[in-house]
> 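What follows is a single structure, and I will ask about it in a moment.
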Amino acid sequence: MLRVLAVDDEKPLLEELLYLLRSDPRVHSAEGASDATEALRRVTRALESGPEGPDRIDVVFLDIHMAGLTGLDIARLLAGFARPPLIVFVTAHEGFAVQAFDLKAVDYVLKPVRPERLAEAVRRACAQLGGPAGAPAAAASGAPERSQAPAAAGARPAPQPPQPLSSPHRAVPEVTVADRAADQIAVELGGVTRFVAIADIAYVEAQGDYARLHTDGGSHLVRIPLSTLEQRWAARGFVRIHRRHLVALGRIDELRLDAGTTSVRVGAAELQVSRRHARELRDLLMRHATG
């Protein structure tokens, strides 16, 4: 069974990749690294522990565009070791496939990552290491990945016509966060789409280009800006209280004023209210209470 390391500097995407890898029965363990320095430190430790050591890494799943060293840079450095781990690139960019396979990459998987496509990359890694590969998952989709190349090490992929991407940095398609109906929003985890009732959402937290939807039962991550949700859900009683938070007015349990700072309690969460939003929020709560 494989021991793998996944490297991506976008935490939500790293968590998603780890979730998929850990769901594969051919993967013994999957650990994550959020930057090149941490990745190289882990691989160096793995190589020092030996092929049967407790820190062994068989395959590294590498993003390409990262701060500092890129995934291609990391692969070049690893190629200098006597027994480097196998490399699978996982990226939103189609244009680096030739360079990737010149670096003896096992596979080149495009984001957004489909579970069956990632399973095919795992199969190829298993086959190259001589372990049980299992059934090719790509067959389930009925068509190969558009940037897929032969499994032979060092093989150069056949040219493929590029498919347009609305944004080169997009990792989760906009359709995964489009409203299925007026009262629901779709969220995706591990290739499974779930529909969350907007009425169940207590507050929303900005996380970079993403937004985390908090409900009584947990939280869900979607790739959509907080400002977009603010506009879309204003008529549903969601109000901006901070640059990081959007709250359902009806879910606010308490408004607290302490030494010139304002906060609200939403269930078990206490959220700060910025000064520029404090007065408007107090007025809205008064109208809501008397209306």
Side-chain angles (χ1 to χ4, degrees), residues 8-19 32 34-35 67 112 167 169-190 192-291:
D8 198 314
D9 63 352
E10 291 191 66
K11 186 177 179 181
L13 300 184
L14 178 59
E15 291 176 349
E16 172 79 358
L17 181 57
L18 288 172
Y19 173 85
S34 58
D35 57 52
S167 169
H169 299 289
R170 176 163 307 205
V172 179
E174 187 72 17
V175 69
T176 62
V177 293
D179 288 345
R180 182 181 69 166
D183 59 346
Q184 293 179 316
I185 184 170
V187 299
E188 186 172 305
L189 177 63
V192 177
T193 300
R194 297 180 176 89
F195 294 93
V196 176
I198 296 172
D200 292 340
I201 299 169
Y203 68 96
V204 186
E205 179 183 4
Q207 292 189 350
D209 294 334
Y210 297 78
R212 184 169 291 279
L213 314 176
H214 291 268
T215 68
D216 293 337
S219 66
H220 309 276
L221 195 68
V222 293
R223 180 152 191 170
I224 188 168
L226 194 67
S227 57
T228 300
L229 292 178
E230 179 184 10
Q231 296 173 5
R232 186 179 295 177
W233 292 349
R236 295 179 171 273
F238 281 82
V239 296
R240 190 73 168 260
I241 64 167
H242 190 275
R243 62 184 177 85
R244 291 190 58 199
H245 292 117
L246 184 68
V247 176
L249 199 64
R251 301 295 292 269
I252 295 177
D253 299 310
E254 292 180 0
L255 175 68
R256 298 176 180 177
L257 303 175
D258 183 21
T261 63
T262 305
S263 63
V264 294
R265 183 173 65 81
V266 182
E270 184 171 350
L271 309 174
Q272 293 297 312
V273 181
S274 66
R275 289 187 177 184
R276 65 185 293 249
H277 293 104
R279 184 168 184 174
E280 179 186 1
L281 177 63
R282 288 197 297 267
D283 291 343
L284 285 170
L285 284 172
M286 288 295 294
R287 290 200 297 269
H288 183 74
T290 58

> Just jot down the ring pair (Phe, Tyr, Trp, His ring centres under 6.0 Å) partners of His220, sequence neighbours excluded, or say none.
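Applying ring pair (Phe, Tyr, Trp, His ring centres under 6.0 Å) to His220 gives none.
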> Check for a donor-acceptor pair, side chain of Arg240 on one end and backbone N or O of Arg243 on the other, with a separation under 3.5 Å.
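Checked: pair present.
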> Which residue in the set Leu246, Val247, Leu229 passes side-chain contact (heavy atoms from CB on, under 4.5 Å) when paired with Phe238?
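Among the candidates, only Leu246 passes.
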> In the structure I gave you, are the side-chain heavy atoms of Asp183 and Ile198 within less than 4.5 Å of one another anywhere?
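Not touching, per the 4.5 Å side-chain cut-off.
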> Would you please test Arg282 and Val273 for side-chain contact (heavy atoms from CB on, under 4.5 Å) and show each step?
CA-CA 10 Å; Arg282 288 197 297 267; Val273 181; over 6 Å; no
> Main chain of Gly267, side chain of Arg265: is a donor-acceptor contact present, judged purely on distance under 3.5 Å?
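Present.
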> Which pair of non-hydrogen atoms, one from His277 and one from His242, has the smallest distance, and what is that distance?
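Taking His277 first and His242 second, the nearest heavy atoms are ND1-N, 3.8 Å.
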> Please check this pair: side chain of Asp9 against backbone of Ala67, looking for a donor-acceptor N/O pair closer than 3.5 Å.
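Side chain of Asp9 to backbone of Ala67, a donor-acceptor pair under 3.5 Å: yes, one is there.
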> Taking only residues two or more places apart in sequence, or in another chain, which ones meet Glu270 in a side-chain hydrogen bond (donor to acceptor under 3.5 Å, both in side chains)?
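Partners of Glu270 under the side-chain hydrogen bond (donor to acceptor under 3.5 Å, both in side chains) test: Arg256, Ser263.
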> Please work out whether the ring planes of His214 and Tyr203 are parallel, tilted or perpendicular, with thresholds of 30° and 60°.
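Rings of His214 and Tyr203: parallel, as their planes differ by under 30°.
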> Please report the closest heavy-atom contact between Leu221 and Pro12, naming both atoms and the distance.
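Leu221 and Pro12 have their closest heavy atoms at CD2-CB, 3.0 Å.
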> Quick check for you: to the nearest 0.5 Å, what is the distance between Leu281 atom CG and Thr262 atom OG1?
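Leu281 CG to Thr262 OG1: 8.0 Å, rounded to 0.5 Å.
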> If you compare all heavy atoms of Val266 against all heavy atoms of Asp253, which two are closest, and at what distance to 0.1 Å?
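Heavy atoms only, the tightest pair is C-OD2, 3.8 Å.
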> Determine whether Leu271 and Ile241 satisfy the following criterion, side-chain contact (heavy atoms from CB on, under 4.5 Å), listing intermediate values before the conclusion.
CA-CA 9 Å; Leu271 309 174; Ile241 64 167; 3.9 Å; yes
